[in-house]
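From a predicted model like this one, the values you see are computed outputs, not experimental measurements. Numbering starts at 1 and runs along the sequence shown. What you see below is based on every heavy atom in this structure, not just the backbone, and it leaves out hydrogens, waters and symmetry mates.
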Amino acid sequence: MQWHAAECNGALQWQERQRIATGLADGFSYAEIARRLERPTSTISREVSRNGGPGRYRPQQAHQATVERARRGAPAHPARTGRRAAPRRRRSSSWR
């Protein structure tokens, strides 16, 4: 039985999270779940461990947490915020 989701743009989709929960409930290993979803095993492992572990994984909460993390975004890069590093000291003329 193949579980592959139609839309795989890198991020796990809601349906894939449901299938992960089903696979865990059915006693499948991360590797088996990953194979059925055509995803790397590490993706499943990270998803489950980041969202409660194998005994507490809930797809709805996992999906909501992912949406919240994505909303927060990454910290701004100093070059994009207008903050600059301290100016470098000029070399003395003896370096020429």
Check: Among all residues two or more places apart in sequence or in another chain, which pass the side-chain contact (heavy atoms from CB on, under 4.5 Å) test with Arg50?
Finding: Arg46, Arg69
Checklist line | Arg39 and Glu16: CA distance, side-chain angles, deciding distance, side chain to side chain contact (heavy atoms under 4.5 Å, CB included) verdict | finding: CA-CA 10 Å; Arg39 294 288 193 153; Glu16 291 175 298; 3.0 Å; yes
Next item on the list: Report yes or no: does Gln61 contribute a side-chain atom to a donor-acceptor pair with the main-chain N or O of Pro59 at less than 3.5 Å?
Entry: no
Notebook entry, point to check: Does Thr41 have any side-chain contact (heavy atoms from CB on, under 4.5 Å) partners at least two apart in sequence or in another chain, and if so, which?
Noted result: Tyr30, Ala31, Ala34
Notebook entry, point to check: Hey, what do you get for CG (Leu24) to OG (Ser29), rounding to the nearest 0.5 Å?
Noted result: 9.5 Å
Next item on the list: Hey, could you give me each pair passing salt bridge (Lys or Arg N to Asp or Glu O under 4.0 Å) that has a residue in residues 58-68? Not counting sequence neighbours.
Entry: Glu68-Arg71
Note to self: Listing request: all ring pair (Phe, Tyr, Trp, His ring centres under 6.0 Å) pairs with a residue in residues 45-64, at least two apart in sequence or in separate chains.
What the structure shows: Trp14-His63
Item checked: Spacing of CD1 belonging to Ile20 relative to CD belonging to Gln15, to within rounding of 0.5 Å -> 11.5 Å
Check: Can you check whether Leu12's main-chain N or O pairs, donor with acceptor, with Arg17's side chain at less than 3.5 Å?
Finding: yes
Checklist line | Heavy-atom pair with the smallest gap, counting every atom of Gly23 and Ile33 | finding: C-CD1, 3.8 Å
Item checked: Residues forming a salt bridge (Lys or Arg N to Asp or Glu O under 4.0 Å) with Arg56, sequence neighbours excluded -> none
Check: Going by the ring pair (Phe, Tyr, Trp, His ring centres under 6.0 Å) test, which pairs reach into residues 31-50, not counting sequence neighbours?
Finding: none
Next item on the list: Using side chain to side chain donor-acceptor pair (under 3.5 Å) as the criterion, list what pairs up with Thr43, not counting sequence neighbours.
Entry: none
